[in-house]
Amino acid sequence: MQAIAPRPAEPGGGYLLQEITEAGEPHGPVVVVDSPPQVIARLPPGQRWLWDATASGYPPFFRAGIRVERCYDVTLTERILLGRQGRFGLPSSAAAVHARATGLAVPDDPDPLAAPTEPTLFDDAMARSAMAPAVDPIEALRVALADQRRRIDDDRALGLLLAAESASALAATEMGLIGLPWRADIHRDLLTGMLGPRPRPGERPQRLAELATQITDAFGFTVNPDSAVDLRAGFRRVGFEIESTRSWVIKEIDHPAVAPVLSYKELARIYTANGWNWLDDWARGGRFHPEYLPGSVVSGRWATRGGGALQIPRALRRAVVADPGHLLVVADAAQLEPRVLAAVSGDEALQQVSAGADLYTALANDGFGGDRAHAKVAMLGAMYGATSGEAGRLLGTLRGRYPVAMACVENAARQGESGDVVHSVLGRACPPPSASWRELVGLGSMQDATDAERRRAGQLARDRGRFTRNFVVQASAADWASVWLSGLRRELRAVAGAELVFFQHDELLVHVPAEHAGTVAALTIGAAESARRLVFPASLVTTPVLPVIVDCYADAK
DNA sequence: TCAAATGGCGCC
DNA sequence: AAAGGGCGCCATTTGA
């Protein structure tokens with residue numbers, strides 16, 4: 001393994017390298033080099049790079065044309081390890097791990113949001129004096145590695161999770177820098193078709209202005225559909241006592257304003273979230289470059305910063321088009337979460353149902369009279385904690401057919417309600433409840449609690465129960481997806497020109513020269529099978545992936 | 001007058 | 001079919 005760190009006190013000025021053993025022992029001298037190419041010149045290929053954080057460490061190498069094959073990301077590893085100790089939100093850099101392991105003052109993590117600044121000499125001196133004592137960064141990496149290895153303690157599942165997390169970080173950095181192909185001209189045509197020409201700043205697009213007029217005409221008085229307060233008051237004034245203006249609430253109302261209001265909401269969403277301003281900000285140079293933040297959701301899902309990459313509306317997928325001579329391989333893990341539930345719970349009946357390509361159809365034929373929609377609602381309700389309505393009523397059927405799976409999620413909910421912590425299949429921990437949660441929930445069970453206190457306590461407990469119920473499924477699905485993605489990334493090295501360009505929870509896109517698309521499609525299937533074997537080794541469950549080869553993302557479904 | 005909270009909705 | 005989990009982002013509202 002190669003420890004690598006930027007040379008301290010030399011911003012942009014070189015790197016320190018040291019070959020070390022897997023246990024963190026030095027296995028060679030510390031070497032100073034000036035630039036990424038010189039780093040490469042000194043390293044045998046295929047080495048695992050040990051560094052503080054992929055997100056900050058990798059981009060200079062990637063920009064220099066260097067692809068890192070394997071790495072060990074101390075920060076991402078530390079976040080998971082700390083979480084298993086019930087500690088969230090603490091500094092997780094190598095310097096912080098080193099400080100905790102050696103009893104030094106723990107430094108703050110570098111703020112990833114802070115823009116790089118050019119400090120004056122005065123600021124620089126001030127900053128230095130305020131810092132924790134400077135520690136050799138290579139030393140910090142070695143100590144952090146040894147400390148983390150000790151805490152991992154040969155836990156096979158945890159080791160798999162951590163390896164996948166570091167590999168995912170490489171993929172995330174690469175995907176952000178490569179970008180998702182984005183045809184601004186197509187996007188603009190879509191906007192014009194839906195909304196009319198681009199409005200002047202501060203004005204509504206033509207189509208929204210027309211709808212606003214229709215809404216006011218339908219009510220007989222002025223209502224601003226951008227204001228939930230105004231809209232609710234409007235419907236109340238014409239006799240509909242709604243509590244919110246969510247579209248599914250409004251849909252149930254019988255009034256001439258309903259249709260234009262619903263159209264307005266839909267189009268206004270496109271305009272504000274993914275309109276011309278979004279294009280200006282995010283689609284430069286024919287690519288959309290979101291910043292992916294792997295593992296930043298407590299469940300282990302990725303988040304993104306900027307551009308809302310994980311919420312691209314289906315209506316705009318028309319703008320995602322492969323470059324000339326290339327194709328997109330769109331691979332989606334079908335119905336991943338119920339399959340994951342079947343696996344983590346060990347419910348053999350549900351695993352049987354998951355053997356086929358369409359789990360919900362099989363479910364429907366096994367107790368829901370062939371009604372696929374009902375079967376799906378019931379299963380989603382079981383995983384999300386639905387209590388009322390149709391989903392609540394259908395839970396009984398699931399409980400009868402799949403008692404092991406239902407006991408699994410209901411047990412997770414009870415643990416959450418009582419303040420316990422639950423884990424994903426590979427060992428990612430959910431956060432413990434806050435001190436105020438404990439206090440308020442405890443208050444509700446006191447002898448002299450008021451009705452309001454009891455209601456509040458029950459509410460908080462049930463909220464946390466729904467969270468932990470979902471966590472065991474969502475986080476285990478994220479475990480699987482992370483192993484899938486990192487395995488695929490490794491396989492793609494053998495395919496010239498193939499690039500991962502998008503990842504969204506259980507779906508990924510590979511941009512590939514047309515002649516290799518079939519090969520890549522097969523690799524997505526193979527990587528899914530490997531992930532199933534690694535993450536659910538004892539289970540009958542299947543986690544099928546259905547790659548589609550297309551020119552345009554919109555044609556994938 | 002500003003920042004924080006809220007309501008709403010897109011994706012999974 | 002119902003409004004149950006996780007996010008990020010926008011415009012509006014609230015409150016200090």
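Just so it is clear: chains get the letters A, B, ... in the order the sequence lines come, proteins before strands, and each one is counted from 1. Note: hydrogens, waters and symmetry copies are ignored here, and every other heavy atom, side chains too, is used.
- Using a 4.0 Å heavy-atom distance criterion, A/Arg314 is classed as a sugar-phosphate-only contact.
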Query raised in the report: How does protein reach along nucleotides 8-16 of chain C, written 5' to 3' as B (base within reach of a heavy atom under 4.0 Å), S (only sugar-phosphate), or - (no contact)?
Result: BSSSSS---
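- The only member of A/Tyr553, A/Trp278, A/Trp282 that meets ring pair (Phe, Tyr, Trp, His ring centres under 6.0 Å) when paired with A/Trp182 is A/Trp278.
- When the C1' atoms of four end pairs are superposed on the next four at each end of the helix from B/dT1-C/dA16 to B/dC12-C/dG5, using five pairs per end, the two resulting axes differ in direction by 10°, to 10°.
- Stacking between A/Tyr384 and C/dG4 is absent: the ring centroid is not both under 5.5 Å from the six-membered base ring centre and under 30° in plane angle.
- A/Asp347 and A/Gln351 are not linked by any side-chain donor-acceptor pair at a separation below 3.5 angstrom, with hydrogens and angles left out of the test.
- Comparing A/Leu310 and A/Trp248 by the nucleotide of DNA chain C that holds the closest heavy atom to each, the one mapping nearer the 5' end is A/Trp248.
- Comparing A/Ala373 and A/Arg466 along DNA chain C, the residue whose closest nucleotide (by nearest heavy atom) sits nearer the 5' end is A/Ala373.
- Along DNA chain B, read 5' to 3', the first and last nucleotides having any atom under 4.0 Å from a heavy atom of chain A are B/dG7 to B/dC12.
- At a threshold of 4.0 angstrom between heavy atoms, the contacts of A/Gln474 include nucleobase atoms, whether or not backbone atoms are also involved.
- The distance between atom CG of A/Leu394 and atom P of C/dA3, rounded to the nearest whole Å, is 11 Å.
- Across every non-hydrogen atom of A/His289 and A/Ile178, the tightest pair is CE1-O, 3.4 Å.
- Aromatic ring centres of A/Phe235 and A/Phe219: separated by under 6.0 Å.
- Of the residues A/Arg469, A/Gln415, A/Arg399, the one that meets the side-chain hydrogen bond (donor to acceptor under 3.5 Å, both in side chains) test with A/Glu410 is A/Arg399.
- Residue-level contact check: A/Arg393 touches neither bases nor backbone, having no heavy atom under 4.0 Å from any strand.
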